[in-house]
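Only one structure is covered here, and it is reproduced in the block below.
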Amino acid sequence: MGPEGKPGLAGTILRVFVQECATQGRCMARCNEDEYPVNGTCSRGDRFDMDETGVYCFSTSDGSKTMIARAICARK
């Protein structure tokens, strides 16, 4: 068993950013400059991808509803 870890900084703030986009394309929810994405979701079963700056959703259907990308962002 290893040594006990140090406690993390208190007050880490998570923020949910929601972006609505037109159908049949790409929708991106981007975190602020002082944040990074920790998770996210896409609406309607769209294809999900994430990088260092935000969440990307790609349309996989011909539906007429708007796309919604949600990024859960944490402060650096």
Side-chain angles (χ1 to χ4, degrees):
M1 186 168 162
E4 182 178 347
K6 294 180 182 179
L9 295 174
T12 300
I13 296 176
L14 295 178
R15 179 178 70 91
V16 177
F17 178 69
V18 178
Q19 180 69 43
E20 288 189 37
C21 305
T23 59
Q24 297 181 353
R26 181 177 82 162
C27 194
M28 181 177 70
R30 176 167 269 196
C31 296
N32 289 333
E33 293 285 327
D34 63 340
E35 299 174 327
Y36 62 95
V38 293
N39 206 342
T41 62
C42 297
S43 63
R44 303 178 303 138
D46 293 332
R47 199 176 101 216
F48 172 82
D49 198 8
M50 185 170 71
D51 67 10
E52 297 84 20
T53 61
V55 169
Y56 301 87
C57 298
F58 301 93
S59 179
T60 58
S61 66
D62 295 333
S64 61
K65 293 185 178 180
T66 59
M67 295 175 62
I68 298 175
R70 291 176 187 85
I72 300 172
C73 305
R75 276 197 194 152
K76 291 181 181 178

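Atom set for the values below is all heavy atoms of this structure, side chains included, hydrogens, waters and symmetry mates excluded. Here the structure is a predicted model, which is why all the values come from computation and not from measurement.
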*Considering all heavy atoms of both residues, which atom of Lys76 and which atom of Glu33 are nearest to each other, and what is their separation?*
NZ-O, 3.5 Å
*asked:* If hydrophobic clusters are built from ILVMFWY residues whose side chains come within less than 4.5 Å, do Met67 and Phe48 share one?
replied: no
_Partner set under salt bridge (Lys or Arg N to Asp or Glu O under 4.0 Å) for Arg15, not counting sequence neighbours_ = Glu35
*List in chain and number order the residues that pass side chain to side chain contact (heavy atoms under 4.5 Å, CB included) with Ala69, two or more places apart in sequence or in another chain; answer none if no residue qualifies.*
Cys27, Ala29, Cys57
*In Å, rounded to the nearest 0.5 Å, how long is the span from CD1 of Ile72 to OG1 of Thr41?*
7.0 Å
_Which heavy atom of Arg70 sits nearest to which heavy atom of Val18, and what is that distance?_
CG-CG2, 3.8 Å
*Between Ser43 and Thr66, which heavy-atom pair has the shortest distance, and what is it?*
OG-O, 4.1 Å
_Joint hydrophobic cluster, Val16 plus Ile68, side-chain heavy atoms closer than 4.5 Å_ = yes
*Quick one: hydrophobic cluster around Tyr56, which other residues, with the 4.5 Å side-chain cut-off, linked directly or via members?*
Met28, Phe58
